[in-house]
Amino acid sequence: MPAPRVALKIDVDTFRGTRDGVPAMLADLAAAGVRASFFFSLGPDRSGRAVFRLLTHPRFAAKMVRTNAARLYGLETALYGTLLPSPIIGRRCREVLLRCRAAGHEVGLHAWDHRTWQDRLHRLPRPAVERLIDRGIAAFAELFGERPRGFAAPAWFCTDDAFEALAARGFDYLSVSRGAAPPFHPWVRGRPLAALEIPTTLPTFDEELGRDGVDESNYVERLVARYRGSPAPAPVEVLTLHAESEGLAFRHLFRRLLARHAELGVATLTLGELAAEARRAATPPPVRRVLVGEVPGRASPVVIPGAPVLTAG
Ligand SMILES: [Zn+2]
């Protein structure tokens, strides 16, 4: 069986995750000689707003307790945007962000304002959605001197308006959905988008922990047991990690994962490389509908790949 292939997609949501979690992950990746794709939140860290969700979303509250959110995010983070002002991550963490790209990793956009996308995207009028995206692109371009080619949606959530707005801004690929499908072109409002959609194929650490007997001692083994080795070349697994968990409180699991990858001979590629491979393939990427559904262990609905659409020509 050919060696599994995995793309490490690292979402960075908060100021603390950027300032403290990213440098830790950069050190671990350098030690392992592995490249990853980092997706950054560059605007205000309003994480404290999540505290209000505890009062209104019982399922969310249950998950925060199950995954020990205070350990994951820290008390300070829990107050940003409420009792403490929201730090502008891109300005405060410039050096870390530039160091990430200089180390050879792929950098892309996760959000301007992660909480607003996650909590209110579906209620925002189109111009407000476009403003969120444009501010993120502008902050990214100001920092890195070029526009982002990849976008990973906060909380794996997107709307038709946001899909269209992202595609209109020339992103090479989006990573929004959750499911085992290979890269595809999303079919939105009756037409295919030029951007490729790259689904996250594996569950995240916080979804797995505490479910079906998964704990810190067996998480990595359970995860790598899911990697598909066939048909050749092995389909690429896309694993989403968070600088806030695997870069901080659960860094030991990230190190264990990288060590297991080395033992198993896992080939690592970036999402950009996966997108390029899909575009080069003899069979062009399919067009699929995108739906909203649920994944086990996650409180809010996510985008999932739907049925293929047969397009003329
Ligand atoms: Zn995120």
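Both counts, for ligands and for their atoms, begin at 1 and track the order of listing. Keep in mind that the numbers below use all heavy atoms, side chains included, and drop hydrogens, waters and symmetry copies.
- Between the Zn ion (ligand 1) and the N, O or S atoms of H110, the shortest distance is to NE2.
- At a threshold of 2.8 Å, the Zn ion (ligand 1) has no backbone or side-chain N, O or S atom of H242 nearer than that distance.
- The pair R228-E237 meets the salt-bridge criterion, with a side-chain N (NZ, NE, NH1 or NH2) lying under 4.0 Å from an Asp/Glu carboxylate O.
- Nearest N/O/S atom of D13 with respect to the Zn ion (ligand 1) is recorded as OD1.
- Using modelled atom types and a 3.5 Å distance limit, the side chains of T14 and S47 yield no donor-acceptor pair.
- Not one N or O on the side chain of R289 forms a donor-acceptor pair closer than 3.5 Å with the backbone of W187.
- Taking the ring centre of F15 as origin, the terminal cationic atom of R92 falls inside the region bounded by 6.0 Å and 45° from the ring axis.
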